[in-house]
Amino acid sequence: MEQLNDDICYHALKARDRRFDGRFYTAVLTTGIFCRPICPAVTPKRVNVQFYPSAEAAIAHGFRPCLRCRPEAAPGSPASAGVHATVARAVRLIEEGALETGSVEQLADRLGVGDRHLRRIFKEHTGVTPQDHAKARRLLRARQLIVDSNLSMTEIADIAGFGSLRRFNDAMKTAYGHAPTAFRRGIKAKPVSDKNDNDPFAPKSDDLILRLRARQPFDADYLLTFFRARAIPGLEAVGDRTYARGFRINDAVGLMICRFATDQGGVEVILRGPARDAVLEIGGRVRRLFDLDADVPSITALFADDELLRPLVDKRPGLRVPGCWDRFELAIRAVLGQQVSVAAARTLAGRLVARFGEVLPENLIAGTGITHLFPKPATLQQQDLISIGLTTRRAQTLADIIDLFADPQCDRQSGDDILAAMTATKGIGPWTLNYFGLRGLGDPDSFPAADLGILKASEMGGGPAKPKPLEQHAERWRPWRAYAAQYLWSALEQEHAPKPKPQPPRKGK
């Protein structure tokens, strides 16, 4: 990715270049307001602007968010992408509310570093301290919930971490110059009815609705095709424009329905059940599940000169890396998928869920085909895993992975630590590790070079047909090799797509 400096930022600002949206923010000294580079406002003079790597940094330096371009709705910034693994994880945990219920010292402990070290590297890479980041994030989060959800102001004040409605109102007036209710004026709520019994995935009157934007371009069709082929029976349901599943976060059990918008290029998340307190974590998980914040322009620019990838990028410029809802669930899926077809792995996972998963309440799932939650690690310990159709050796590998994630220390381990523990597990090979890194850890550079589908797609495109030569060729795709893998897999999808039947020759002339 190109390193930004003030001159590059100003040229991007003048051009309103969407490739830089979310990568920097422009603060105008004469107005005290900061904007995204795509803001339609008149471009200020060069001497009157300062640039910041994140919206949180601009707020911490005393600037107010623009009401037109909505910085809180921008795609993930370099602060959230993270040039340092520890900072990236810290930003993610803060986004999920780590500093709303705990201290910086507790956050540092979860990351396995000292609190002084965390403060130093956090400021170095984001421009602000963890506390200032959390404070600014609280404001941005609150305004996003006001505009992009159907929550009440009291609920937003509580969820965003203000403690009281009065503190919420005062903070928003100070930051934005307006009362929170002003941001909902002119927004027409879509009518929601409980009478639409024909569509169990349509929003109901008491559902929570959250709208998430995606960095453009965004290929939702590929994601839906990917998840549809791998949907675990009873756990997930994938329609033409929807992805749904049951979930548990802390003590909250609910149903999540993601509807892919055709006009706005984002995702509308419908939450059914007592999920309001978990809405921030759910939003973060959905963003990672569908890779909404991918820096697509930088990725496609890197692939533009590669003869193998360029034709695939031209066909699908907005391809994303499908993520996962839960790391443990993805680890189990990866082990079950070793050396078997996608359909066979799906069948095995469905048996696991049906036999050991928690049954969801009928009032949440009626008509959806979703019946169970994915079982917890502790639930699967000491179970007879051979009974779902596994060999003795595969069942032992699965049991070892279950024990790994059942350990309370696992939640505090970094992705590298988890990968190291999986590497030491008998029966876990390079394909499983790369697949888990690619989807479970969101590693943008993970590349399963030995995957048969990737090798076949490479050969079809005139590239290497053996793992070692392909891995050498893939060096030029760093640090986005996970996206290269998706493009190669997409070539197989196009190859296997149903072809129209040839028409019989016409008689006569």
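- A distance of 6.0 Å or more separates the ring centres of F260 and Y243.
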Report task. Begin from the C-alpha positions of E329 and R245 and carry the test salt bridge (Lys or Arg N to Asp or Glu O under 4.0 Å) through to its verdict. Result -> CA-CA 13 Å; E329 179 184 312; R245 63 168 295 138; 2.8 Å; yes
**Report entry** Residue pair Y52, Y25: steps toward the ring-ring contact (aromatic ring centres under 6.0 Å, His included) verdict
**Finding:** CA-CA 5 Å; Y52 292 97; Y25 296 81; 9.3 Å; no
Query raised in the report: Are D295 and S298 close enough, and set up right, to give a side-chain hydrogen bond (donor to acceptor under 3.5 Å, both in side chains), and what steps lead you there?
Result: CA-CA 6 Å; D295 190 359; S298 295; 2.8 Å; yes
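- The aromatic ring centres of W477 and F447 sit less than 6.0 Å apart.
- Here the two rings, on F24 and F51, have centers that are under 6.0 Å apart.
- Checked against a 6.0 Å centroid threshold, the rings of F168 and F162 count as neighbours.
- Only one option out of F227, W325, F226 pairs with F290 in a ring pair (Phe, Tyr, Trp, His ring centres under 6.0 Å); it is F227.
- Under the side-chain contact (heavy atoms from CB on, under 4.5 Å) criterion, R64 pairs with I33, not counting sequence neighbours.
- Aromatic rings of Y176 and F183 (six-membered ring for Trp) have centroids within the 6.0 Å cut-off, being under it.
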Requested in this report: Give the C-alpha distance, both sets of side-chain angles, the deciding distance and a yes or no for side chain to side chain contact (heavy atoms under 4.5 Å, CB included) between I332 and L398.
Outcome: CA-CA 7 Å; I332 297 299; L398 199 65; 3.6 Å; yes
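- Under 3.5 Å, the side chains of D445 and Y483 contain no donor-acceptor pair of N or O atoms.
- Here the side chain of S446 pairs a donor or acceptor atom with the backbone of N434 at under 3.5 angstrom.
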